[in-house]
Amino acid sequence: MKRPIAQFAATGRGIPERVMTNHDFASIGIETSDEWIVERTGIRERHIAAPGETTCTMAAAAARQAMERAGVHAGDLDMIVLSTATTDRLLPSTAVDLQAELGATRAAAFDISAACAGFIYGTSVAEAMIAAGSAETVLVVGAERMSSIIDWTDRATCVLFGDGAGAAIVRPAKQGRGILGSFIRSDGALANLLYRPAGGAAHPFDEQVLNDRSFYVKMAGREVFKHAVRSMAEACDRALDAAKLTSADIDLLIPHQANVRIIEATAKHANMPMDKVYVNVDRYGNTSSASIPIALDEAIETGRVQEGSTVLLVGFGAGFTWGSMVVRF
Ligand code: UT7
């Protein structure tokens, strides 16, 4: 096991108040059922941002909670790493909006685009900056307003996603606690299985894009499902190997929350009984890069993660990107 370099000092979350249940899709003309959604995904409801509630405002709520719990002031932040697939504006980054909102005047702030694995990627960047001596106090955020980029006429995707943000303060490790092993990987050859075809610089927004609805998320669900199961299994093994631990050493598995069937397959591969797996996809749907920090924050708040707990985080998403991390609290 390597000596940990960085640890989570505290976490927080920012969740929109508005809840949309599976039954509510009927009112917007979507032909689906609670039974189909629960059986195929495990999702029962999701939070949807209200007008004016943005990626930045949700990120700020999560960040403020994490900072308060860590006893960190805005002026202490050296760096803000914000993972999002739903940047509020195409330029500049949402991280700089968050910086201004928090008044974190000393920080370098930037977004990363690594979809549902983004919190693992962001924390890896924070750890590396701390290891290099370039930062001491880093705010890592996963924040998503997925309701802005999903096609509300496509039942195959619109039932899956939700909005929210999770944040963590990452600082130098103390007393052997912190990140014991991690792994990140991507495969851009598979990008078109889960993507937004147009609206970016390669195919800027125009009338055709509007008519084709090609600025919304498109997903080959079954293909993504297969890759998610395979890659999350690999990621669990790689982080455990890096930490020189086995699943018997893990107190809680916190996987990305996209589909309870993917979570169950990951747990089975990792040899973790479901009572040692954190599941909240039923209440949030898939919040992309926010899902792992939201789940981690809930797990800490409810006492499922305590001082001394060893936790395995694992995520997979568009890109494809995937990653994992073993953390001792
Ligand atoms: O964040 C990481 C990336 N995302 C994921 O990890 C998601 C990965 N994929 C999945 O979770 C699953 O593939 C889905 C939940 C998206 C779909 O489940 P599935 O069991 O793979 O269903 P399917 O796409 O193969 O569709 C089965 C049937 C189709 O009807 P036919 O062709 O069999 O007649 C669909 O038209 O279910 C139909 N269907 C629906 N029916 C009711 C698709 N969406 C719905 C819906 N309500 N919302």
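Residue numbers run from 1 in the order of the sequence given. Read the numbers this way: they start at 1 and go in the same order the structure lists the ligands and their atoms. All values below come from the heavy atoms of this structure, side chains included, with hydrogens, waters and symmetry mates left out.
Residues that satisfy the side-chain contact (heavy atoms from CB on, under 4.5 Å) test with Ala59, not counting sequence neighbours, are Leu82, Leu98, Val141, Ala143.
The closest side-chain heavy-atom distance from Met232 to His269 is not below 4.5 Å. A 4.5 Å side-chain heavy-atom check between His256 and Asn286 finds at least one atom pair inside the cut-off. Contact annotation: the side chain of Val224 approaches that of Phe316 to within less than 4.5 Å [non-hydrogen atoms, C-beta and beyond]. Two residues are said to be in side-chain contact when any heavy atoms from C-beta on lie closer than 4.5 Å; Val72 and Arg171 meet this criterion. At least one side-chain heavy atom of Asn22 sits under 4.5 Å from a side-chain heavy atom of Arg46. For the pair Ser148 and Thr86, the minimum side-chain heavy-atom distance is 4.5 Å or more. Between Val277 and Ile263 the shortest side-chain heavy-atom distance falls below 4.5 Å.
Residue Arg40 approaches ligand 1 through these ligand atoms, each under 4.0 Å from one of its heavy atoms: 19 (P), 20 (O), 22 (O), 27 (C). Those atoms of ligand 1 that come under 4.0 Å of a heavy atom in Asn286, given as number and element, are 1 (O), 2 (C). The atoms of ligand 1 that sit less than 4.0 Å from any heavy atom of Thr41 are 15 (C). Interface atoms of ligand 1 facing Cys116, defined by a heavy-atom separation under 4.0 Å, are 1 (O), 2 (C). Residue Val224 has at least one heavy-atom neighbour below 4.0 Å for each of these atoms of ligand 1: 3 (C), 4 (N), 5 (C), 6 (O), 8 (C). The distance from ligand 1 to the heavy atoms of Val159 drops below 4.0 Å at these ligand atoms: 48 (N).
Atom 34 (O) of ligand 1 is never approached by the protein to below 4.0 angstrom, counting heavy atoms only. Distance screen at 4.0 Å: atom 11 (O) of ligand 1 has a protein heavy-atom neighbour inside the cut-off. Distance screen at 4.0 Å: atom 47 (N) of ligand 1 has a protein heavy-atom neighbour inside the cut-off. Protein heavy atoms are found less than 4.0 angstrom from atom 42 (C) of ligand 1. Within a 4.0 Å radius of atom 14 (C) of ligand 1, the protein has no heavy atom.
Between Phe329 and Phe8, the angle of the ring planes stays under 30°, which puts this pair in the parallel group of the 30/60° scheme. Using the six-membered ring where Trp is involved, Trp152 and Phe25 have ring planes that are parallel, under 30° apart on the 30 and 60° scheme.
Nearest protein heavy-atom neighbour of atom 2 (C) of ligand 1: Phe316 O, 3.6 Å. Of the protein's non-hydrogen atoms, Arg155 NH2, 4.5 Å is the one closest to atom 30 (O) of ligand 1. Protein heavy atom at the shortest distance from atom 16 (C) of ligand 1 is Leu160 CD1, 3.8 Å.
Looking at Phe225 against ligand 1, both its backbone and its side chain come within 4.0 Å, counting heavy atoms. The proximity of Leu194 to ligand 1, defined as any non-hydrogen pair under 4.0 Å, is limited to the side chain. The side chain of Ile262, and not its backbone, has at least one atom closer than 4.0 Å to an atom of ligand 1 (non-hydrogen atoms only; side chain from C-beta on).
Side-chain N/O atoms of Ser186 and Tyr121 include a donor and acceptor closer than 3.5 Å.
For a threshold of 3.5 Å applied to N or O pairs, the pair formed by Gly221 and ligand 1 contains at least one separation below that value.
Closest heavy-atom approach to atom 44 (N) of ligand 1 within the set Phe161, Trp36, Trp322: this belongs to Trp36. The residue among Arg261, Met219, Arg222 with a heavy atom at the shortest distance from atom 18 (O) of ligand 1 is Arg261.
With hydrogens and angles disregarded, no donor-acceptor distance shorter than 3.5 Å links the side chain of Glu136 to the backbone of Asp78.
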